Amino acid sequence: MKNISVIGLNLLLVLLAVCSCKKLVEVDSPETSISSKTAFNNDATAIGAITSLYTNLTNGSLTDPGELIGLSSIASLSADDLDYYPLAGNPSLGLYYQNALTTANPYGTGFWGRSYERIYLVNMALEEIPPAKDLNPKVKQQLLGEASFMRAFYYFYLVNLYGDVPLVLTTDYNTNALINKSPKENVYTQIISDLTEAENLLSDKYLKADGLTSYPDGNEERIRPTKWAAAALMARTYLYTGQWTDADRAATSILSNTTQYQLTDLNQVFLKNNMEAIWQLQPVSFGYNTSDARVFIIPDVGPGPDNPVFLSGNLWNFFEPGDHRKTSWLGSVISNGITYHYPFKYKVRYDPAGQSAPVTEYNTVMRLAEQYLIRAEARVHLGNRLGAISDLDKIRERAGLKLIKDINPNIGEQELIAAILKEKRAELFTEWGHRWLDLKRTGKIDEVMTIITPKKGGGLTWKSYQQYYPISINELKFNPNLSPTPGY
Amino acid sequence: MRLTTVILIASLMQVSAATFGQRVTLNKTNASLFSVLKDIRKQTGYGFYYDPATISQNQKVSISVADATVEEALLSALKGLNLVYEIDGKIVTIKAKEKPSFLENVIAGFQEIDVSGRVVDADGRGLPGASVSVKGKGGKAVSTGANGSFYLKGVDEDAVLVISFIGYVSKEIKAAKGLGDIVLEQSLSKLDEVQVIAYGTTTQRLSTGNVTTIKADVIEKQPVNNPLLALQGRVPGLFIEQATGFAGTGVKVRIQGQNSLNNGSDPLYVIDGVPYLSQLLPGGNAILGSSGGTGLEASSVGNPLSFINPSDIESIDVLKDADATAIYGSRAAGGAILITTKKGKTGDTRVNFNLQSGWAKVPNKLDLMNSQQYLEMRREAFRNDGIIGFDQSSYGDNDLNGNWDNSRYTDWQKELIGKTAGYQDMNASVSGGNERTSFLIGAGYHRETNVFPGDFSDRKSSVHFNIQNTSVNQKFKIQFSGGYLYDKNQLPNKDLTREATTLAPVSPALYKSDGSINWQLDATGGTTFGANPIGYMYNLFTNTTDNLTSNLMLSYQLLSGLDLTSSFGYNAINSSTIDKVPLLSFAPEATPYMVRTTNFGKNGSNSWLIEPQLTYVSSVWKGRLEILLGATLQQNRVIGSQIAAAGFSNDLVMGDILSATNIYAGSSTNSIYKYNALFGRINYNIQDKYILNFTGRRDGSSRFGPRSQFHNFAALGAAWIFSNEGVIKDNLKFLSFGKLRGSYGTTGNDQIGEYQFLSLFDPTTQQIPYQGIPVYQPKRLSNPNLEWEETRKLQLGLDLGFIKDRILLNANYYVSRSSNQLSGYSLPLTTGFGVITKNQSYKLENSGWELTLSSTNIQSSNFNWKTSVNLTIPKTLLVDYPDIVKSSSASTAIIGFPLSAARLFHFLGVNPATGLYEFTDKNGNPTTTPAYDDKTVIKDLAPKFYGGIQNAINYRSFQLDFLFSFVEQIGPNNFYGYNPGNFVGYGNQPTSVINRWQKPGDIVSIKKYTSGYDLYQSQGNIEGSDAVWSDASYVRLKNVSFSWQLPTEWIRKAHLQSCNLFLQGQNLWTITSYSGLDPETKSSYTLPPLRIVTLGLKIGL
């Protein structure tokens, strides 16, 4: 018996000794996650991490402010291109529509919060990728380029939606929690610096998911940013900041690359991988093509919770007679005696052939037509009136409209700029917030919205500060150094 | 030794006298001894012999005995006198105490004998584990073996042995070589009922901590599907709230308040020594409601205790203070609930059946508008909005535009939640055993159906077993217990209660005459009744869960008093869910755009535990010392996945993932929790008067960063049983028991989920991978410095027993402070995430009073009536919170106020000019558009007090038990409806909204009706104001149980051991002024706890 008790005691002592050992409470990363260091030190996961930005964009909703893709409907509601269907039961859209956002209203944080969440990943990539030892150098270069491009992309929209914004360039939350706003000019400087970097690093061909090989010509998947996407955003940024020469140069660099980019037929502009597309997003939901089609195309029963917006009468009546875009890119449905028009750029709402039907349309983030209009506008400012008319007529020609050079060859500069902007609205309506941003950039917004806002119901009037969305009260509370959007 | 022999005989006599003697009841003060002895003689028939020289004529004594034995009476009468007595047959001899000579004393000191005997209960069954110790200084002690026998070596001849066993009245007896059977009487006092505590047992009499015990007899009187619900209203300091009326509902459990702001305030559940889940893994059917999970567990629904058969439970012990829980260290900041399952008992093999069947219904109905009132409201809304004509689209105003028959009226509450559900419960068990081996095998079946239209049910089948064995030499013991339960819960994935209380009364019929679902198509073929709730009924959510709990306990007696025990536990709870959305649930025109989708979920939590323990019991100085030393090794693995499958060709194959054309993974989980600890307890009991209890634990958990994995917890408890002090015993005769106790100590909380300190990337869900590759995104901001939350608890208690414990009063005051709170710390979104998990400096203070009064009002052979009242007055306060603004709870938490306080607008009324709700702004001026900082009213939303009143009445073979539970609280009322006048498929309102604004100058309580969304803000404001918070206190007849034991003759004729018929009811009657559907769920949109009535039969073979 004594032996047994000695054994027992020893056993207990061993167990006790074992117990306070650190090993017993140490765990590895779970199998379902990877640590951030590992993620950026391996080609596949590093590419996967950057690609999550595109997945998130394309997964975003057009009926819920968050991912920037939502601007296609939401910024159009804020402006004069779309109307909101009051029985849709989506109060957040109602507030964007009526220009009635306030700092206390949580719907104001959507684009802000989501963009900074994505910028966190971009900044982490820019911190972790350069020292990563196991990355293929070419992959490393492309990913750094994509990260720089995406940072510029998010800041471009932030600065246009909110005015002065904090310029977050690191992942350190201690710093970022107390960051001040940077003036718009500084944000633009950073955007241009990031885009310059991106233009240098990015591949000029569309790459496959390995980050190395390019697609055969004419058979590309145009779903990762390239050097040309950086140039396109660069051209737009220069246009927005009034740097006409640079805008002209950047746009020209793409427009002259005719082997990769050409204007296509109106019916092909939104097909996947068409020649006009500079950067598109691949849909990731079974059975659906773009979310644009899902939200914009109104079924026979009329608008409802899933289809809460329709074309404004203002935009319907805006097109010149004979504009082919009015027939090609707009649809209509009569529901209970009321006619609803809707944007019909994307045509595949749901493929009746089922979920396995091939996807034919990709959401188009940037396309060549915009570059013509950018260059046209820059050229007017640079005194190249003929060049401007030529670019503008490229777009008018495709739309089946009479050319300016034929009907009004001596058009004055101001008139020409107005014609370009008019064309831009007709061309780029309900695409990525162009109308809303252009109204602000050109200073036309007060003039237009003073008339429009009261017509949206709710007895509200337009106040100029509403051209910038408010920053949520919580955001202001958690960061004492942050000031509200002026006016709110 | 002559003297020894005499005493021995006397003591033997005592035993026999105790067995056969007549009873004495005598109450005299300052009477002559002669008269007292005369009275005893009269009552007992004993004769007295004494030398008149030894008793003087005027010897005065006082005596107060009731129903006492002759010895007790004599001891009382002769107390303090220099007299002794001897009993010989019916003759009592009284003589002067002999002064032992010095020599005799010395001899006696050296005279040692070996004592043997057997400790038995009143039925003659051996009591294993009873303690036999020599009274007085450094006395030897042994425990009895499996058959109750003991052998004590080398005992002073004249020593007195103290024989005690938990739950029995202790006995003192003179030492002798062969003591034979020593009968211990079962203590009838509640104070002596066994209480299970962490790693041991105690009684309320000797406990230094705050523990409440609920036994099987109480649990089995209640038709509940979750044992936690059987505790409601019965345990002071324990607040239990049922989330819904569904079988498998979420149940919120808080012991002495909420100690953590964000991360798990649940108690630690321990089943037969093995920790059990306090929250289910995410992925269940959302309509079951939450169990109060916060933080990471906020998405958890249902309750893990639903998968334990209440009939398998012997007792549930609720451990509340630091003394009782500190030994559980980091896991017990929220207290602990110990569940002990039934064990086999020695004796003849017994077979028991318990069958019951019953009915369940929604007990309450809201007072809603009828068709005429509804239509009037809608038309008025349009007039107010200046709208002429109605929206003709099929999404439009179908209730008014001619699409729906306005002469219809449907009571949707009756139609959708008015059905009577069924309730069946069957249990059978076989148990028995001999002195060394005993066993129990039980099986159960439980079925509940649902009040919704359609065929839904929850079915559980379970088995439970226990087997125990002791080696021949009594040193080695083994015990193996286990339980397995299989549950299949089928429900729609939507609670129809909201539809029942909001669907327009003029809505069309659910079905068409041909039995198909009625979408009420309009002239153009558009659906006008898209909200038809029958659509949801096709969305079947099936959740199957199996739960295995098992525990193996080995123990070996190394030396006398030194035992090595080890517990090995394993628990596996696995669930699989199938959530089907067939095309039938969609309106016909949507069908072409929809696909059949099934979500397949799997979740498993598997944990094992090893706990070696060493216990040592000995007499040290005047007291009894118990030392426990142990260690814990525990690991828990959670594996889960959600897989969405779509594109099934028909409804029949939707349960088969292979029939889907598109499959993608929605989520996957695979995590490990490792935990280990060292723990110890020292308990020192001096003569059942002074008891000290010290517990400590060193804990390590994998949930924290490498720098802070380990932490120490400790507590000290002390009790003073002052009723055992001579002074009090003599002077306060009415006081049968008095104990003062207190404890102070620390416990912790590590319920923050796994891997919080690591910076991780997770795959993102995408049905079609972008460019064909998986993508990853950052999970959260990581914080490598995470540490434990710590709770310091102070507890003071007073236990009093009066009139032989017929009245027991128990009072506790507790105050605890939780610091180093782990919670979300809000950051601006510019950091990438709005929040980081962080230890924060604020403290939560919980304090309160717990009172219990139990009394035996009437006690006689035929009629017994017992009452027990408990009351808890809790308070939770948020203190020391310099950084409150940054906490993610900033918008809800208010410093210096209870945690449950909310900031609200102050409601002034309806503005007579505009017809809108009007509030006070921050400057005290009226406004109809208050902003966030106009929330000037702070209201505490937590219960002010709660408790229960239980009554148990026995009359001959009838027994009636009933419990009223009560809560004083406020809740959000249903008075203002939801935006009256608006209609998006729904729209009905409580009749309280009829008193609305119609024209300028109206002084009314409800804003003007509106058909659109422009007054949503006004509705939102009223819901954020103090107007919607009104009294939701209630008194509920929670449980009634009436049983009748069939006459013995009948039972004998039927060859049965026992037979009872019973009638039970749950949630039978509620008194409340609350205007919503139910004051416990405080909602009008979730299914309330059902009223259940069952009939049953209990048979023993």
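Given the structure is predicted, the values throughout are model-derived calculations rather than measurements. FYI, side chains are in, hydrogens and waters are out, and symmetry mates aren't considered; it's all heavy atoms of this structure. Throughout, protein chains are lettered first and strands after them, A, B, ... in sequence-line order, and every chain is numbered starting at 1.
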- Ring centres under 6.0 angstrom apart (Phe310(A), Tyr340(A)):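 Yes, ring centres under 6.0 Å apart.
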
- Query: Does the separation of the ring centres of Tyr162(A) and Phe111(A) fall below 6.0 angstrom?
  - Reply: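 Between Phe111(A) and Tyr162(A), which both carry aromatic rings, the centre distance is not below 6.0 Å.
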
Below 4.5 Å, heavy-atom pairs only: which of [options] has the largest tally toward chain B?
{"options": "Gly302(A), Gly457(A), Ser36(A), Ala46(A)", "value": "Ser36(A)"}
{"options": "Ser335(A), Ser115(A), Pro283(A), Pro303(A)", "value": "Pro303(A)"}
{"options": "Ile34(A), Val359(A), Asn176(A)", "value": "Ile34(A)"}
{"options": "Ala44(A), Ala88(A), Gly304(A)", "value": "Gly304(A)"}
{"options": "Val168(A), Asp172(A), Ile50(A)", "value": "Val168(A)"}

- Task: Can you measure from CG (Leu829(B)) to CZ (Phe478(A)) and round to the nearest 0.5 angstrom?
- Result: 8.5 Å

Below 4.5 Å, heavy-atom pairs only: which of [options] has the largest tally toward chain A?
{"options": "Asn670(B), Asn401(B), Ile768(B)", "result": "Ile768(B)"}
{"options": "Gly526(B), Ser668(B), Ser671(B)", "result": "Ser668(B)"}
{"options": "Lys779(B), Gln634(B), Gln767(B)", "result": "Gln767(B)"}
{"options": "Thr764(B), Ile836(B), Asp699(B)", "result": "Ile836(B)"}

Closer than 3.5 angstrom, by distance alone: can the side chain of [X] be matched with the main-chain N or O of [Y] as a donor-acceptor pair?
{"X": "Arg118(A)", "Y": "Leu53(A)", "answer": "no"}
{"X": "Gln282(A)", "Y": "Gly772(B)", "answer": "no"}
{"X": "Asp397(B)", "Y": "Phe983(B)", "answer": "no"}

Heavy-atom contact with chain A under 4.5 Å, split by part of [X]:
{"X": "Thr669(B)", "value": "backbone"}
{"X": "Ile672(B)", "value": "both"}
{"X": "Ile773(B)", "value": "side chain"}
{"X": "Ile639(B)", "value": "neither"}
{"X": "Phe833(B)", "value": "side chain"}

- Query: Strictly by modelled atom types, are Asp563(B) and Tyr556(B) linked by a side-chain donor-acceptor pair under 3.5 Å?
  - Reply: no

- Task: Decide yes or no on side chain to side chain donor-acceptor pair (under 3.5 Å) for Thr38(A) and Asn41(A), but give the supporting numbers first.
- Result: CA-CA 5 Å; Thr38(A) 323; Asn41(A) 199 19; over 6 Å; no

What part of [X] gets within 4.5 angstrom of chain B, counting heavy atoms only: side chain, backbone, both, or neither?
{"X": "Leu167(A)", "answer": "neither"}
{"X": "Ala177(A)", "answer": "both"}
{"X": "Asn56(A)", "answer": "side chain"}

- Query: For the residue pair Tyr54(A) and Tyr770(B), does the interplanar ring angle fall in the parallel (under 30°), tilted (30 to 60°) or perpendicular (over 60°) class?
  - Reply: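 Rings of Tyr54(A) and Tyr770(B): tilted, as their planes differ by 30° to 60°.
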
- Message: Over 60° means perpendicular and under 30° means parallel, so tell me whether Tyr97(A) and Tyr84(A) are parallel, tilted or perpendicular.
- Response: tilted

- Task: Would you sort out whether Thr55(A) and Ser52(A) count as a side chain to side chain donor-acceptor pair (under 3.5 Å), showing the intermediate values?
- Result: CA-CA 5 Å; Thr55(A) 306; Ser52(A) 76; over 6 Å; no

